[in-house]
Amino acid sequence: MSHEQQPVRYVGAVRNAAEGMLSVVAALAVMAVAGLAGLLALGAGAGAPLSRLLPAVLSAAVGGPVGIVPDIAGGGLPAGRLGIGLQGRVAAVPLTLTFLGAAVLGAGFFRPLRRRGRPGGELLLTRAAGALTATVLLVPALAVLGRGTAELPADVRGRLGEGEAGPVLGRFGDGGALSSVGFRAEVLPTTCAALLGVTVLLLLGCVAARRTSLPRSLALSRGRFRWLPVVSALTGVLTAVGCLSVLIGLLAGALALSGHEGAARVAGALLLAGPNLVVVLLSSGLGASWEAGTRREQADGGGLLGVFLRARGDGGTTTRVLALNDRVVAGVPLWLLGLLVLSALLLLTGFLAAGRTPARTARAATDALLGRHLDCGLRTGVVFAAAVLPLMWLAEADARLTVRVMGSDLAGVTAALEGTVGICPLTGFLLGLCAGWCGSRLHGLRAARRGQVSPVWSAEARQVSKTRPGP
């Protein structure tokens, strides 16, 4: 008995644009909830109003810098008026918030397309335009709200006051000039970074989405057809790792509520920067050199500035650096632990990619330059090597706070988490190649033992070939 196909009714452009905008709204809402929980766990509300601090953190999560300006209300005077004040800059991305926002945005944008008729390119562009429009409207508003005053911790004020000029700076600190700072999210860089991030995420989603209905020209394109299995597999594995870090942060938060000491700080750190720590761990296994440290600088006190402070020139620099690669976790060096974890993740990626790779036709298998397993390993290595650099760049953090007197820098404190890339892309490619090949071999052996056909990753692949893949 044959059934006639019902004509497909496409959703209108207005609804697609609205869904694109709602995906951005939902992403920012989830980021705000997670950011608020992390700030509360760290007790940040005691030093700054959360209504101002949270938008600044969200602005940093989308890639925008946060500037530190003199706090006029606290006693600091603007530069150029013979006053004293603090200036600086914070460049750090809380990757937990970034990860949650990207996951919610991707799901909200692509998931509604799963059970709909194949949309045209115009409707897909309409959804993207809606998402970008919401980004342009909401992100600058967050950056504008991310301006306020924060009290400096006592240890930071102590570092700024060290040296011969310390007593004089301490007197200014008692007046408020060095006890608080103003923070301000930069509107234009934040908006540009958010637009770039949303665009890259949507383009990546068009490659990685396996069950989403896309325009036929895009769904059957050669680039998507060749790279979708590996990209989707690696995206899924990294998503699972990110969710695991969030889950551990929630468990630490639950321990903090039960009165466990130190769990609140762990929960706050994981709810804001859990994936940052994961990137440090995994990249250490590739040979990356990570260092966390502080640097205190004090300028010479000679000339007019020395007369003003009644202190003679005794400038200097004090640096404290902690090499993270030398740390030992449960008796295992950090780099070895990262290598083992990363090898297991890439092995799983190769296994999943092999299961999602469409079967080759007899002619394609004859004309292929590389075997099925080696081809899977090669693509895994290429995709992972391309992901190493942006992940390491996003995981780095840098903050600088400078004391300015009469327009000159007197003292400053810099805190940074920096990683040296080195040969990480090369080692990432080689490790991905080997792990991808092994994962593909394991999938072939499993399919051969069960006498099953390797699953095909999408309906488009079934239309191209129905040949059973070999082991």
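- A donor-acceptor contact shorter than 3.5 Å links the side chain of R52 to the backbone of L145.
- Between the OG1 atom of T191 and the CG atom of L196 there is a distance of 12.5 Å, given to the nearest 0.5 Å.
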(message) Could you walk me through whether F99 and S245 satisfy the side-chain contact (heavy atoms from CB on, under 4.5 Å) test, starting with their C-alpha distance in whole Å, then the side-chain angles of each, then the deciding distance to 0.1 Å, before giving a yes or no?
(response) CA-CA 11 Å; F99 161 72; S245 68; 5.8 Å; no
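- Counting heavy atoms from C-beta on, the side chains of V66 and T190 never come closer than 4.5 Å.
- The side-chain heavy atoms of S284 and L281, taken from C-beta on, include no pair separated by under 4.5 Å.
- With a 4.5 Å cut-off on side-chain heavy atoms, L238 and L345 do not count as touching.
- Listed by chain and residue number, A26, A27, V30 satisfy the side chain to side chain contact (heavy atoms under 4.5 Å, CB included) test with V104 (two or more places apart in sequence, or in another chain).
- Closest of all the heavy-atom pairs between L286 and T427 is O-OG1, 2.8 Å.
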(request) Starting from the C-alpha separation in whole Å, work towards a yes-or-no answer on side-chain hydrogen bond (donor to acceptor under 3.5 Å, both in side chains) for R320 and T294. (result) CA-CA 5 Å; R320 299 178 181 178; T294 59; 5.3 Å; no
(message) Please determine whether side-chain contact (heavy atoms from CB on, under 4.5 Å) holds for the pair R441 and H373, giving the CA-CA distance in whole Å, both sets of side-chain angles, and the decisive distance to 0.1 Å.
(response) CA-CA 6 Å; R441 291 288 299 179; H373 306 304; 3.3 Å; yes
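- The shortest non-hydrogen separation linking F109 to R127 is O-NH2, 2.8 Å.
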(request) For the pair V231 and W227, evaluate side-chain contact (heavy atoms from CB on, under 4.5 Å) and give the outcome as yes or no after the intermediate values. (result) CA-CA 6 Å; V231 174; W227 295 100; 4.3 Å; yes
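- Although no hydrogens or angles enter the test, the distance criterion places a donor-acceptor pair under 3.5 Å between the side chain of N276 and the main chain of V93.
- Across C376 and G436, no two heavy atoms sit closer than the pair SG-O, 4.2 Å.
- Figure legend: cation-pi geometry between R147 and F183 absent, as NZ or CZ is not positioned both under 6.0 Å from the six-membered ring centre and within 45° of its axis.
- A distance of 10.0 Å separates CG in L277 from CH2 in W290, rounded to the nearest 0.5 Å.
- For the residue pair A48 and A150, the shortest heavy atom distance occurs at CB-CB, 3.8 Å.
- Contact record, G64 with A193: N-CB, 4.4 Å, taken as the closest heavy-atom pair.
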(request) Dump the intermediate steps for side-chain contact (heavy atoms from CB on, under 4.5 Å) on S23 and F110, then the final yes or no. (result) CA-CA 9 Å; S23 62; F110 290 103; over 6 Å; no
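- Considering only heavy atoms from C-beta on, E396 stays 4.5 Å or farther from L417 through its side chain.
- Side-chain contact check for T98 versus V62: every heavy-atom pair is 4.5 Å or farther apart.
- Within the 4.5 Å cutoff, no side-chain heavy atoms of I68 are placed close to those of R89.
- Rounded to the nearest 0.5 angstrom, L28 CG and L105 CG are separated by 8.5 Å.
- The shortest heavy-atom contact between S343 and L431 is OG-CD1, 3.6 Å.
- We find the CG-CG distance between L272 and L95 to be 11.0 Å, quoted to the nearest 0.5 Å.
- L142 has its side chain out of reach of L138: every pair of non-hydrogen atoms, C-beta onward, lies at least 4.5 Å apart.
- Residues R379 and F384 fail the side-chain proximity criterion, which asks for heavy atoms closer than 4.5 Å.
- One finds the OG1 atom of T96 at 10.5 Å from the CE atom of M31 (value rounded to the nearest 0.5 Å).
- For the atom pair CD of E291 and CG of L322, the computed distance is 9.0 Å after rounding to the nearest 0.5 Å.
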